[in-house]
Amino acid sequence: MSQRPTRILILGGGFGGVYTALTLEKLLKREIRRGDVELGLVSRENYMVFQPMLPEVISGSIGILDTITPIRRLCPNTNLYTRTVESIDLNHRSVSSTAGFGSRQHHLHYDHLVLALGNVTSFAGQPGLAEYALPFKYLGDALALRNRTIQTLEEADIEQDPEIRRALLTFVVAGGGFSGVEAVAELNDFVRAAAASFRNVDRREIRVVLVHAGRVILPELPASLGQFAQTILMKRGVEIRFETLLAGATADAALLQGGDRIATRTLVSTVPSGPNPLIAMLPLKMERGRVAVDPTLAVPDYPGVWAVGDCAAIRDAKTGELCPPTAQHATREAQCVARNIMATLRGEARRAFSFQALGKMGALGRRSAVAEIFGLKVSGFLAWWLWRTIYLAKLPGLDRKIRVATDWTLDLVLKPDIVQLKTERVPGVRREYFEPGQVIFREGDHGEWLYVVREGEVEVLKGDAAGQETPLRRLGPGECFGEIALVSDRPRSATVRAVSATNVLAVDREAFQALFATLPPLRGFFESLIETRR
C-alpha cells in the first residue's frame, strides 16, 4: 500500500497565500512531481488582485481585468478550491468549505496549514456605514465606486433641485492613508475629466472631500512628503478635513464626529480593516487581533500550522517590531514560510523572518506621486515614474505587464471612458439606517419599498391642505410601514420620519409582490393591516 502524500493547504488568495504556493512549487518541484507532496489553495476568487493598481480602475487608466492574475496560471501545480472557508478544525487538521453547484460540503485535510486569510472590512460602531458607505479593498469595490461616480454625474446632469444637485456632485473619502489618498486622487481626476462629457455639469460645482483623523495625510511617510501630497491634492481641488473622524452615514450624508454632516451620495470609507471572523474564532494566541507566531512564522502549540500576511502578528527577528500589513512584507513572509515548511519536511533547520522595507510609495494622480526609497525622499514626476516602473515590474504575468503598459500609453492621449458596467443584481431585501428626524419617505412619493423596523422608532404623519402635518401613529421594532403604496399601486399616503436612530429592513416591490401573491397568510395579514390603518 502506497503512502499518501504530505498535504499542504493554504487559505487565502492574496499576496501571502499565492506567493506561498508559488514558492513551494519551486522549492518542492521534485516532491510534487513524484506525488510525495500535494499543494492546495482555498480562495473565494480564482484570481489574485494586484491591489497597488486598484485605484486606477476607478478612472479607467487601466482595464478592470488587468489588475488581476489567474491563480491557476501563477500556480499550475497547486489544486485550487474556489470556495469560501466555513470553519477550521485545528484538532482534527481539517478545513470545511462551502458547497458548489449542488455538491456536498467540502472537507479538506492537511498536514501543514498556512493561514493567509487577511483582514475584512469592518464598520462596527459606525451606524449607517454598512448600508451606505462604499468600501475600497477588492476589485468589485473599485468597479462599484466607478459605477457610482458615473451614475451621480448622469443624475446631476438632469437634476433641477440645487440642493440635490450639490449632494450628487459631492464625493467624500474617509481615511488619509495610502488607500484613501490614492483613491481620492484618482476619483478627483476622473470626475473632473469626465464632467466635460456632460452638458449641464460644471466642473466648478464638483466637490471632493478627504476626511482624515490626523494633522498630515500619509502618516506612513515622513511628514514632509505628507505635506507635499496634501498641497498637490488641494491645488487640484480636493478639500481635506484634518483631525476629523467619520462617525456614520445616511442615504444622503456623511456624518462626522462632533455633529457636522456633509451632504453626499458617494461616500468611500477606507477605515482600518478588522480581524477575519474565521481567525477570531480559532483557539489561538492573538496579538492586536492577529495570530501570534514565532520567529519562523509557525503558530505556537499547533505543529504544522503557520500564518502570514495581514492576519498574522509577525515581529521582525532583528528589530522586534511588528511588521506592517503591506504587499512587500506579505510576499517575503510567504517566501520565508515556504522555505520553513520545506525545511521541516526535510528535517533541516528553520530560519527566522526578517525584512526591512525597501521603500513606500503613494500615487497622487496626473503624473505625480510621493515615495521614500532606501531612505531617500522623492516627490513629483520622478516619484510618479518610479511608482509606475516598480509596480509594473512587480505585476505578475508578462501578459498583464503588456496590457497595463499599453493602457497607460493610451491613457495619455484618450479621453476617460464613462461607460458603466453594471453586473450586480439589486437585492430584494436590504438594510437601511436613518438618523433622528430624517424623513424616510414623503406623502405623495412613489412607493417602491416596504420597511420593517429592526431598531428604533418612526412616526407616521398626515398632511392637510394648509401644509400642516398631523401625527397618526408611532411604530417600533417588529412593525412595518409602506405597504399601502405597494398593494394599491398608489402614491405614498403619509410621510414617515425617524424619531430615534432607526435600523430597518427594506423589501423591494418585486420581492414584496411575489410574497404577497403566493403566501395567503401574508396576504391576509397585510389586507387586515391596511384596513385597520385606513
Side-chain angles (χ1 to χ4, degrees), residues 6-33 37-43 47-52 69-80 110-118 290-299 304-360 374 390-391 393-398 400-401:
T6 299
R7 294 169 179 159
I8 303 173
L9 186 63
I10 303 162
L11 305 184
F15 281 99
V18 171
Y19 276 85
T20 297
L22 205 157
T23 308
L24 283 170
E25 284 193 8
K26 294 177 181 178
L27 296 177
L28 301 174
K29 181 182 293 186
R30 287 183 302 172
E31 288 86 342
I32 294 172
R33 187 181 298 121
V37 172
E38 183 180 286
L39 293 181
L41 189 150
V42 185
S43 172
Y47 57 81
M48 186 191 80
V49 180
F50 194 72
Q51 290 183 322
T69 305
I71 295 175
R72 293 186 185 278
R73 290 186 185 175
L74 288 175
C75 310
N77 296 314
T78 298
N79 295 323
L80 178 63
Y110 64 83
D111 297 294
H112 289 270
L113 177 69
V114 180
L115 301 173
L117 289 168
R290 296 188 281 173
V291 178
V293 296
D294 69 16
T296 66
L297 309 186
V299 176
V305 180
W306 315 75
V308 297
D310 295 1
C311 71
I314 299 171
R315 293 191 175 274
D316 189 277
K318 293 182 179 178
T319 66
E321 297 180 354
L322 278 174
C323 297
T326 62
Q328 59 179 315
H329 272 84
T331 54
R332 267 68 173 198
E333 291 159 10
Q335 293 166 0
C336 177
V337 81
R339 292 190 181 97
N340 284 335
I341 291 174
M342 180 193 71
T344 302
L345 295 178
R346 295 178 178 176
E348 301 171 355
R350 300 186 300 200
R351 295 184 180 181
F353 176 76
S354 180
F355 172 70
Q356 293 300 307
L358 305 177
K360 298 176 182 178
F374 299 115
I390 291 172
Y391 280 130
K394 290 179 175 291
L395 183 65
L398 177 62
R400 269 18 186 203
K401 288 181 171 67

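FYI, side chains are in, hydrogens and waters are out, and symmetry mates aren't considered; it's all heavy atoms of this structure. Everything numeric in this text was worked out from a predicted model, so none of it was measured.
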Q | side chain to side chain donor-acceptor pair (under 3.5 Å) contacts in which one or both residues fall within residues 9-23, not counting sequence neighbours | A | none

**Q.** Where Leu41 and Ala21 come nearest, the two heavy atoms and their spacing
**A.** CD1-CB, 4.0 Å

Q.
Would Gln356 and Thr319 count as a side chain to side chain contact (heavy atoms under 4.5 Å, CB included) here? Give the steps.
A. CA-CA 9 Å; Gln356 293 300 307; Thr319 66; 3.5 Å; yes

Q | Nearest non-hydrogen partners of Ser43 and Gly13, listed with the distance | A | OG-CA, 3.6 Å

**Q.** Donor-acceptor contact present, side-chain Arg315 to main-chain Gly320, <3.5 Å
**A.** yes

**Q.** Distance, nearest 0.5 Å, that separates CD1 of Ile71 from OH of Tyr47
**A.** 9.5 Å

Q) Where do Gly118 and Cys311 come nearest, in terms of heavy atoms and distance? A) O-CB, 3.6 Å

Q. Among Val305, Leu117, Val299, which residue meets the side chain to side chain contact (heavy atoms under 4.5 Å, CB included) test with Val291?
A. Val299

(Q) Tell me which one of Leu9, Ile8, Thr6 satisfies side chain to side chain contact (heavy atoms under 4.5 Å, CB included) with Asp111. (A) Thr6

**Q.** Contact summary for Val337 and Trp306, nearest pair of heavy atoms
**A.** CG2-CB, 3.5 Å

Q) If you round to the nearest 0.5 Å, how far is CD of Gln51 from CE of Met48? A) 9.0 Å

Q. From Arg7 CZ over to Leu39 CG, what is the distance, rounded to the nearest 0.5 angstrom?
A. 12.5 Å

(Q) With rounding to the nearest 0.5 angstrom, report the CZ to CG distance, Arg72 to Asn79. (A) 8.5 Å

Q.
Tell me the closest heavy-atom pair linking Arg290 and Ala312, and the distance in Å.
A. NH1-O, 3.3 Å

**Q.** Verdict with reasoning, Leu24 to Val37, per side chain to side chain contact (heavy atoms under 4.5 Å, CB included)
**A.** CA-CA 10 Å; Leu24 283 170; Val37 172; over 6 Å; no

**Q.** Separation of Leu28 CG from Lys26 NZ (nearest 0.5 Å)
**A.** 13.0 Å

Q) Heavy atoms, side chains only, cut-off 4.5 Å: are Cys336 and Phe355 in contact? A) no

Q | Any Leu297 side-chain heavy atom under 4.5 Å of Val308 side chain | A | yes

Q.
Filter on side chain to side chain donor-acceptor pair (under 3.5 Å), then keep only pairs touching residues 322-336, sequence neighbours left out; what's left?
A. Thr326-His329

Q: Name all pairs fulfilling the side chain to side chain donor-acceptor pair (under 3.5 Å) condition that reach into residues 338-351, sequence neighbours left out, sorted by first residue then second.
A: Glu31-Arg346

Q. Could you state the interatomic distance from OG1 (Thr78) to CG (Leu22), rounded to the nearest 0.5 Å?
A. 8.0 Å

Q: For residues Ile314 and Gly309, report the shortest heavy-atom separation together with the two atoms involved.
A: CD1-N, 4.3 Å

Q) If only atom types and distance count, is the side chain of Asp316 paired as donor or acceptor with the main-chain N or O of Ser354 below 3.5 Å? A) no

Q. Leu358 versus Phe374: any side-chain heavy-atom pair under 4.5 Å?
A. yes

